[in-house]
Amino acid sequence: MRSIQMVDLKQQYQNIKDEIDAAVLKVLESSAFINGPEVQEFAASLAQYNDVKHVIPCANGTDALQISMMALGLKPGDEVITPSFTFIATAEVIALLNLKPVFVDVDAKTFCLDPQEIEKAITPKTKAIVPVHLYGQAAPMEEIMDIARRHNLYVIEDNAQAIGGAYIYADGSKKKTGSIGTIGTTSFFPSKNLGGYGDGGAIMTNDDALANQLKMVANHGQSKRYYHDLVGCNSRLDTIQAAILNIKLRHLDSYIDARRKVADYYDAAFAGNSKITTPFRAAYSHHVFHQYTLILEGVDRDQLQQYLASKNIPSMIYYPVPAHRQQMFQQFISSNVNLPVTDWLTERVISLPIHTEMQEEQLNFIVESVLSFVNL
Ligand SMILES: *Cc1c(COP(=O)(O)O)cnc(C)c1O
């Protein structure tokens, strides 16, 4: 049995080494390290894959969110609704741009924004909603888009954890996550479902004018070379990363299948255990299992983690402190922000290893170890 990792990037590389090495060598030989042809090639391939008109590559998923909010012309004091139960980047860029993060509770089953709570949080200053497709599960986009239409709000989908996922509409039609809102953003951080070998990110939209604005913001506010119309930033995807991502995009669907098989295996093994709730699979979501996250009841989570660690089984808490309890936000939020579901989940969730190269033997060992501790 290979040693168990949360994500086994080494083994994944070994299995596609020939393709990757050739693509990287080609970039080295061309030496077009910035904006080489692979960057536009990748943008076009990703646009086609995700069924969206424009893909603007950038330096990372955090920049993708920031550039989106800048391109939409959000102004200091504007309110942006976002979950607290997420990676910090989502809310951090809101505060960085002097916008006001308005934290809204999530649904205890889906881990994603609760539409009823969104509605309650809307004020005349609300300008945008940033749903996060957390752990690879699509947020309830049909309801979110309906709220956005009624209140004239932008929607920026944080799709960093769900690239390749889809939202399934009531009539059975499907749309890829990231292609539904005003803008979708994603990250190619190595451990993400579509990960590069360094940092990377992308922004997607179906709106032509907005795509131009996004490109300008990402490139020093430049409209033509050395003419700068607005204050932007410098955020690019390296050619080497684009070359790697071009290869990995071809494998993404099979990688998602592999992740879903791991999730199926865990689901079956933990089914019926009264202390373990396996991830809820919303009927409207094609879940891509960036994380496999359990909710524990009546289990000492720290002790379980220590027990697993003693058997060389890694596990993670995503995330141990929700955004609304982070020190960085204490100046931004009122003291009466009350997110009971977020707090409840924060104390109970645990994520188990899930990746594209897991062996049955490893899964068996993880399941046996979890159950032997939980059933003690
Ligand atoms: C990873 C992640 C980001 C940030 O991506 P980086 O590429 O690390 O900047 C943003 N939002 C969510 C939900 C993420 O998981």
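Order of appearance sets the numbers: ligands from 1, and atoms from 1 within every ligand.
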Polar contacts were defined as any N/O atom of the residue lying under 3.5 Å from an N/O atom of the ligand; does this apply to Thr62 and ligand 1? yes
The option among Gln66, Lys192, Glu92 carrying the non-hydrogen atom nearest to atom 14 (C) of ligand 1 is Lys192
Going by distance only, is there an N or O of Asp199 that falls short of 3.5 Å from an N or O of ligand 1? no
Can you say whether the rings of Phe373 and Tyr307 are parallel (under 30°), tilted (30 to 60°) or perpendicular (over 60°)? tilted
Sub-4.0 Å atoms of ligand 1 with respect to non-hydrogen atoms of Ser187: 5 (O), 6 (P), 7 (O)
Does Val132 reach ligand 1 with a nitrogen or oxygen that is under 3.5 Å from one of the ligand's nitrogen or oxygen atoms? no
May I ask whether Asp158 places a heavy atom under 4.0 Å from ligand 1? yes
For Ile295 versus Ala108, what's the shortest heavy-atom pair and its separation? CD1-O, 3.8 Å
Is Arg150 salt-bridged to Glu119, going by a charged N under 4.0 Å from an acidic O? yes
Using the side-chain hydrogen bond (donor to acceptor under 3.5 Å, both in side chains) rule, take Asp21 and Tyr13 through it: C-alpha gap first, then chi angles, then the decisive distance, then the call. CA-CA 10 Å; Asp21 290 3; Tyr13 167 61; 2.6 Å; yes
Test applied, side-chain hydrogen bond (donor to acceptor under 3.5 Å, both in side chains); reference residue, Gln12; option that passes from His251, Lys248, His355: Lys248
Under a 4.0 Å heavy-atom limit, does Asn60 contact ligand 1 with its side chain, its backbone, both, or neither? both
Looking only at protein heavy atoms, which one is nearest to atom 15 (O) of ligand 1, and what is the separation? Gln161 NE2, 2.8 Å
Sub-4.5 Å side-chain heavy-atom contact between Ser45 and Val55: no
